[in-house]
Asker: 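Okay, here's the structure, questions in a sec.
First the proteins, then the strands, lettered A, B, ... as listed; each starts at 1.
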2 protein chains.
Amino acid sequence: MNLKQLSELLGLSQTTVSRALNGYPEVNEATRERVLQAVKETGYRPNKAAQRLATGKAGSIGLVMPTAPGHQSDVHFGEFLAGLGEEAVRHDFHFVIMPADPDDEVAALRRLAISGNVDALFVAYMRGHDPRLPMLKSLSIPYVVHGRSFGSEPDYPYLDIDNEGAFYDATRLLLQLGHTRFALMNGPMHLDFAIRRKNGVVAALAERGLALEEDCVSHALMTDEQGLLAMEQFLQLPERPTAILCSSTVLALGAIRAVNQAGLRLGEDISLIAHDDVLPLLKPENFSVPLTTTRSSLRAAGARIAQRLIGTVKQAGPFPDQELWKTELIVRASTGPVPQI
Amino acid sequence: MNLKQLSELLGLSQTTVSRALNGYPEVNEATRERVLQAVKETGYRPNKAAQRLATGKAGSIGLVMPTAPGHQSDVHFGEFLAGLGEEAVRHDFHFVIMPADPDDEVAALRRLAISGNVDALFVAYMRGHDPRLPMLKSLSIPYVVHGRSFGSEPDYPYLDIDNEGAFYDATRLLLQLGHTRFALMNGPMHLDFAIRRKNGVVAALAERGLALEEDCVSHALMTDEQGLLAMEQFLQLPERPTAILCSSTVLALGAIRAVNQAGLRLGEDISLIAHDDVLPLLKPENFSVPLTTTRSSLRAAGARIAQRLIGTVKQAGPFPDQELWKTELIVRASTGPVPQI
DNA sequence: TACATAATTGAAAGCGCTTTGGATGCCCCG
DNA sequence: CGGGGCATCCAAAGCGCTTTCAATTATGTA
């Protein structure tokens, strides 16, 4: 059933039927009723491809999903998508997800943008000097970046959390508790948030004349396995750190295992603060020793970005181009005063 | 830059350019070269919407993502998507994800199918007598179901794991270890896999003349919180179960916390077997007491389903309509002989 | 009553691509 | 030397929708 058939059935022109369906005012209410009724009876649905071709609007936002046979799927991805979806469903928007080899992201994003398949793009996993940025600027499709790109002029639309501030605050708390030996379990070094978090730690330490030693920093994928390995390394250092900053609750999971296996007590021998993306799976308050965290909801960020993206496409008022969300520092039991030796 | 412009630039007809691009044989090799060269220089990309309208092929597979403000995002979803993506990227397929309120899934799926936006559908989270099945059958779009629907004639294309067999085997192992008091921590009761897993347990117990008491079964969302709660319930029963079957490693996470909090030792006082979907985040071998599991990779299932879906769309040979994957029973340290009292 | 104005409806022209059904020119063979 | 066969190429007709421009009818006013 297509528009033509439907309009013939009703004895109307395609024009009128189309207008009736799309809520244009210049159509008689009685006629509109008749059309709506017929739609209900026939189950007619407009062909999206045709609609898109005619209007240029796709009703969809596009994103690239890095994927490859060996590639760890990212727990955060699902949660973020849920946030996007929460908002998208209200506007009858959908997502076009282009899976792409992590090495091919720039090209994949480009293909997606030019395909005409999407109205707007969402971009994440930002790196320093991210090459996608100049490419996006040269295109004329709206986009919002989740995160930022260190080293690039911040003149692109983004939503980010204050990573530097979060880790600065966390470090200060630990300093106030008397800790002096710090370690940082970070995400992959090339990612923007990792750079900023490290800067936050370094800045807070510097205020006390302390430095962050190279062997007290790990950069790794955010899995619990890597957390375990990194913590094991830290625990073997001659000057074992007593304060750990951790870029994810997932890393913390492994780290805590290492702490336990070493016979140490979390919150007493070792203090740990992790960044919490509010993954439903891993609630810091549910850890056997509840975790002190810097918190910012990934899901909320997703919803907000969807709102901006969709709003822009629908030309619903201007949105702030740059947003920087503060994180909350929530103190639980994994932090305590530095142990007396 | 569109086809028309490109062809004018080349002094060729749209027909020829289109053919050159799509690999048709009736075009001079020299001409094809010229076209390809021009494409490279101009950066021309065909408009997907137009292509789709003309061919009816979208190069995409569609899925519905249940989502709502309160709705827990499912850890398994991301992993499954990664599996789909792994295969899709090879064929330049993408996904169209329609977020939908969980109560609106049937309608959402229908909209998605009729939209012309997708070539094939993927369907999951099957329930008993699932209403989506008759709807899908009435449409003429290819689809593959992940899981099955208890109570419906199994004449639809699916890929499922042998849930009943998995839990039957797991239960038998525990029986052999001498356990007689069993409990089952299951997923939501209306979901197909939950029904089958329960059946598996019941069947194995029945062979020994044992029954599964009602208060030894929990049905809940598969989060660690629910795992904790369910286990706490079990531990308070007058005849405390010594053998626990668990539908997910996520549930197990919470369950083990409850076990520890009660001062019991996993693998000694309490034996536990969990089903492992091979989530990268939660490796059973990394639990403080490594978990005995029934294993089946969600990611592999995703990849296989994508393969079938894309293969069907591309008419690349016939695929088996029904596939039932066996699970592996992997014994680790969370199971042991029944404790002597 | 006559005419300007508002309310409805339609015909037809795209949107950018694929594909059918010819054309055109060239080579080869009888 | 004429026509069949082949290699190339093209004009134009859709695919199913939106939207411009124009036509028709109903309404109101002087």
Asker: For A/Q14 and C/dC15, give me the distance from atom CD to atom P, rounded to whole Å.
Answerer: 17 Å
Asker: Just to confirm, is there a sub-4.0 Å distance from OP1 or OP2 of C/dT9 to any side-chain nitrogen or oxygen of A/Y24?
Answerer: no
Asker: Whether the side chain of A/R19 and the base of C/dG10 hold a donor-acceptor pair under 3.5 Å is what I'd like checked.
Answerer: yes
Asker: Could a donor-acceptor pair under 3.5 angstrom be found where the side chain of B/T15 meets the base of C/dT18?
Answerer: no
Asker: Are the side chain of B/N22 and the backbone N or O of B/S18 linked by a donor-acceptor pair below 3.5 Å?
Answerer: yes
Asker: Measure CG/A/L12 against C1'/C/dA7 and give the value in whole Å, please.
Answerer: 15 Å
Asker: Relative to each other, are the rings of B/H91 and B/F93 parallel, tilted or perpendicular (30° and 60° limits)?
Answerer: perpendicular
Asker: Would you tell me if any nitrogen or oxygen in the side chain of B/N28 comes within less than 4.0 Å of OP1 or OP2 on D/dT8?
Answerer: yes
Asker: Please classify the nucleic acid contact of A/S18 as base, sugar-phosphate, or nothing, using heavy-atom distances under 4.0 Å.
Answerer: base
Asker: Among C/dT18, C/dG16, C/dT9, which is the nearest nucleotide to the side chain of A/V27?
Answerer: C/dT9
Asker: Atom CD of B/E33 and atom C1' of D/dT8: how far apart are they, to the nearest Å?
Answerer: 16 Å
Asker: Can you tell me the distance, in whole Å, between the CZ atom of A/R32 and the C1' atom of C/dT8?
Answerer: 12 Å
Asker: In whole Å, I'd like the distance from the CG atom of B/L3 to the P atom of D/dA11.
Answerer: 14 Å
Asker: NZ of A/K4 versus P of D/dC15: gap in Å, rounded?
Answerer: 7 Å
Asker: Would you kindly give the CG-to-P distance between B/N117 and D/dG16, to the nearest whole Å?
Answerer: 15 Å
Asker: Give a yes/no on whether any side-chain N or O of A/T16 is located under 4.0 angstrom from OP1 or OP2 of C/dG10.
Answerer: yes
Asker: With a cut-off of less than 4.0 Å, is there a side-chain N or O of B/N47 near OP1 or OP2 of C/dG16?
Answerer: no
Asker: Just N and O in the side chain of B/S13: are any of them under 4.0 Å from OP1 or OP2 of D/dC10?
Answerer: yes
Asker: If only side-chain N and O atoms of A/N22 are considered, is one of them under 4.0 Å from the OP1 or OP2 phosphate oxygen of D/dT18?
Answerer: yes
Asker: Hey, are A/E33 and A/Q37 close enough side-chain-wise for a donor-acceptor pair under 3.5 Å?
Answerer: no
Asker: In the structure I gave you, are the side-chain heavy atoms of B/M126 and B/Y158 within less than 4.5 Å of one another anywhere?
Answerer: no
Asker: A side-chain contact here means heavy atoms from C-beta on lying under 4.5 Å apart; do A/F80 and A/F122 qualify?
Answerer: yes
Asker: What is the separation between atom NZ on B/K48 and atom C1' on D/dC15, rounded to the nearest whole Å?
Answerer: 17 Å
Asker: Just to confirm, is there a sub-4.0 Å distance from OP1 or OP2 of D/dG16 to any side-chain nitrogen or oxygen of A/Q51?
Answerer: no
Asker: Give a yes or no answer on whether the side chain of B/D192 reaches the backbone of B/R127 with a donor-acceptor pair at less than 3.5 Å.
Answerer: no
Asker: So if I take every side-chain heavy atom of A/E26 and compare against C/dT9, D/dC9, C/dT19, which nucleotide ends up nearest?
Answerer: C/dT9
Asker: May I ask you to verify if any side-chain N or O of A/T31 is less than 4.0 angstrom from the OP1 or OP2 atom of C/dT9?
Answerer: yes
Asker: Whether the A/N117 and B/R52 side chains hold a donor-acceptor pair (N or O, under 3.5 Å, no angle test) is what I'd like checked.
Answerer: yes
Asker: With axes from five pairs an end, tell me the bend angle of the helix from C/dT1-D/dA30 to C/dG30-D/dC1, nearest 10°.
Answerer: 60°
Asker: Taking the side chain as every heavy atom from C-beta outward, state whether B/F193 and B/D160 have any atom pair closer than 4.5 Å.
Answerer: no
